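I have placed the structure first, in the form of structure tokens, so that the comments after it can refer back to it.
This structure is a prediction, so every number in the text was calculated from the model and none was measured. Order of the sequence lines fixes the chain letters, A, B, ..., with proteins taken first and strands second; residue numbering starts at 1 for each chain.
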2 protein chains.
Amino acid sequence: MAEVTIQQVAKAAGVSTSTVSNLLNGRAHRMLPETRVRVENTIEQLGYRPNRAARQLRTGRTQTIGLVVPSVGNPFWGSFARQLESAALEEGYHVLLCNSERDPDRERRYIEELWSDGIRGVVLCSSLPSLEHVAPVMQRGLHLVAFDRAAQADDPEALVSISIDNAVGSQLATAHLADLGHRRLAFVSGALGSVNRKDRYRGFANALEQAGLSVDKTILWPGASDWRFGDVESAELGRRAAHELLSSDTPPTGIVAINDMCALGICRGVRDAGLEVGTDVSVVGFDDIVLADLYDPPLTTVRQPMTEMAAAAITELKTRVEAGGPTPGRSLLLRPELVVRSSTSAPRS
Amino acid sequence: MAEVTIQQVAKAAGVSTSTVSNLLNGRAHRMLPETRVRVENTIEQLGYRPNRAARQLRTGRTQTIGLVVPSVGNPFWGSFARQLESAALEEGYHVLLCNSERDPDRERRYIEELWSDGIRGVVLCSSLPSLEHVAPVMQRGLHLVAFDRAAQADDPEALVSISIDNAVGSQLATAHLADLGHRRLAFVSGALGSVNRKDRYRGFANALEQAGLSVDKTILWPGASDWRFGDVESAELGRRAAHELLSSDTPPTGIVAINDMCALGICRGVRDAGLEVGTDVSVVGFDDIVLADLYDPPLTTVRQPMTEMAAAAITELKTRVEAGGPTPGRSLLLRPELVVRSSTSAPRS
DNA sequence: GTGAAAGCGCTAACAC
DNA sequence: GTGTTAGCGCTTTCAC
């Protein structure tokens, strides 16, 4: 039950604690090769593991970063959490998981608690437009990476933002439909409340323009639901949007959805109307959640490069935390990728 | 940048550190009400937050528990992680997230690392039939709750197992089909490798017997894929199983799947065969992942009471960790619940 | 009712 | 090249 301490190792190896400590902290060159081997063996034999609390108390550093997500129950965030944890492991970090449940107060409390836990780097996936509630903690020295949220003018100066280029993403999606020959395109989204949503709509509009289609020929279906507010709501919105769109005189042949759940709802609405997805109507999603590939038909969608994004988040955090001092913020926009599956094809006739 | 310490608080309040500490640790009754108020105000004013590392070093206790899951990218585990984190928060604990990625070695290393981080309670969602690889750490005093894995005879003595009653679950699913009037039922699963799978099959067999149907009239489709090994694999297995089953002379009218992903694959296979799910063929899943309700048609399935299970896991861990000493293991089997949606109905004709 | 002081296990000057 | 030592911030026993 009693753990092995550095003193016991030192004693058993016939050296001082500093020698053991030196070995532990990558200063092996300071000692004779034979000493080194002896200490290494002793550590091995005794099964010694440094006490993190003591180490942290002494150095002020933790090997833990915080992750605040709306909910890992959501596959999108679950998938990101997984990638982030793997990236963190590579760099010798652990991840403390915090679900904000979209409660701004819970989010703020978590951030403060993480700080007082000694954690100096946090990845925040916030649903909130403003980050002023975390500004005080950042002022104290917390390094924060905002994920999936484009940088804002009034963001704290030191903030790092990592996100995909949403405009490029939906431009890819829309251009794909235009290239296939579609001429009547619709964009389905709830209210364009967040910057992400606005950007995605902008990409859609850009692509139409480039394809020589005027924007006013397209249909924007405004709903009340908020971005990723709930999977069920997104899907339901898509379904109803499809019903409405397909009952018009000149129904679209291609639909760009704000996200995959919405696209899935659209697919269902298309089927409700007695039409087939992928042949009668082409549908493109966004995010490439696990489900997209498992759906029937597999969904053409825009993939967020999760692995790269997670790695970038860890790199930023590690660099900043280890440097210590205040560092200027920046914004990283990664390029999304179009994944073509079976929900899109050339229009009929 | 420099944090407020207990000394500073003591000095500012004109008391000693022990008085502040006493207040912090629920021993406020030891001091005069006025002292108490004064100290409380000072803490508030200075924004003092106790340093966790120092506290942990001193007491040997952490307010963090470990969670080891195959991958939070999987919606089933993501959903559990979310519930566990919420339950932990209620009790003042944090959750450290570890994805084993189904690598036994990574799993073992994580457990050991958690131990040396000072963590004394871990929820392990292991894919491994044997837990002997964690026995040494449990010997040292780590409290372990195994989740979604029925207890085994050779498990470490102190192990707590929390799971649903899988046999009851598939019995509910199967009885539901029998009650609807189905007479030709199939059970689709990969190899019955894990205890969970065996139990689910047992429940299926029991229900048939009770309905007066002999087991040998049913079809077991053995595949190579392992339980929850991968969503894609599970779904593919279901799809191929459906193809095979439906091309027989006396195809089943009701199919019980080993899990939801498999059920989704079956639905697709049914559609491939030109039949409709919910009318021509009834399909029941298992787990009630988010997707089950969003699919088309919404899937009838067996729900695992995640919230209760997570709460139970935290309660067990908290009790044991705070008691300190060795505690006898036990096994908790919660009752699953049948969720009837549209993928099941009475058979045709 | 309050304070003084020891020490948890470790790191990093600094001395030799 | 190796050892000695002073704390990191906190809790807790033991005096007063």
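- Using cut-offs of 30° and 60° for the angle between ring planes, the B:Phe80 and B:Phe147 rings count as parallel.
- Computed from coordinates, the A:Glu34 CD to D:dT2 C1' distance equals 13 Å when rounded to whole Å.
- Across the helix from C:dG1-D:dC16 to C:dC16-D:dG1, the helix axis at one end is tilted relative to the axis at the other end by 40° (nearest 10 degrees, each axis from five pairs).
- Looking at A:Ser161 and A:Ser163, their side chains never bring a donor and an acceptor atom within 3.5 Å of each other.
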Check residues 39-48 of chain A and write down every donor-acceptor pair under 3.5 Å in which the side-chain atom is one partner and the other belongs to a residue at least two apart or another chain.
unit_1	atom_1	unit_2	atom_2	d
A:Glu40	OE2	A:Arg36	NE	3.2
A:Asn41	ND2	A:Val37	O	3.4
A:Thr42	OG1	A:Arg38	O	2.7

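- Atom pair A:Leu23:CG and D:dT2:P shows a separation of 11 Å (rounding to whole Å applied).
- A distance of 13.0 Å separates CD1 of B:Ile119 from NE2 of B:His143, quoted to the nearest 0.5 Å.
- Residue contacts shown for A:Gly118 are absent, as no nucleic acid heavy atom lies under 4.0 Å away.
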B:Gln7 and B:Thr17: CA distance, side-chain angles, deciding distance, side chain to side chain donor-acceptor pair (under 3.5 Å) verdict: CA-CA 6 Å; B:Gln7 280 95 344; B:Thr17 59; over 6 Å; no
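- Electrostatic pairing of B:Arg61 and B:Glu322 does not count as a salt bridge here, judged by no charged N lying under 4.0 Å from a carboxylate O.
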B/S/- contact track for nucleotides 10-16 of chain C, protein heavy atom under 4.0 Å: BBB----
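- Applying the 4.0 Å criterion to OP1 and OP2 of D:dT2, one finds that A:Thr35 has a side-chain N or O inside that range.
- Scanning all heavy atoms of the two residues, the minimum distance from A:Trp115 to A:Leu142 falls at CZ3-N, 3.4 Å.
- If you find the closest nucleotide of DNA chain C to B:Met31 and to B:Leu57, the one lying nearer the 5' end belongs to B:Met31.
- Salt-bridge check for A:Glu113 with B:Arg52: passed, with a basic side-chain N closer than 4.0 Å to an acidic carboxylate O.
- Side-chain atoms of A:Ser18 and A:Ser16 include a donor-acceptor pair closer than 3.5 Å.
- Spacing between atom CD of A:Glu3 and atom P of C:dG9 amounts to 9 Å, rounded to whole angstrom units.
- Using a 4.0 Å heavy-atom cutoff across all strands shown, B:Leu32 reaches sugar-phosphate atoms only and no base atom.
- The CD-P distance, from A:Gln56 to D:dG9, rounds to 12 Å in whole Å.
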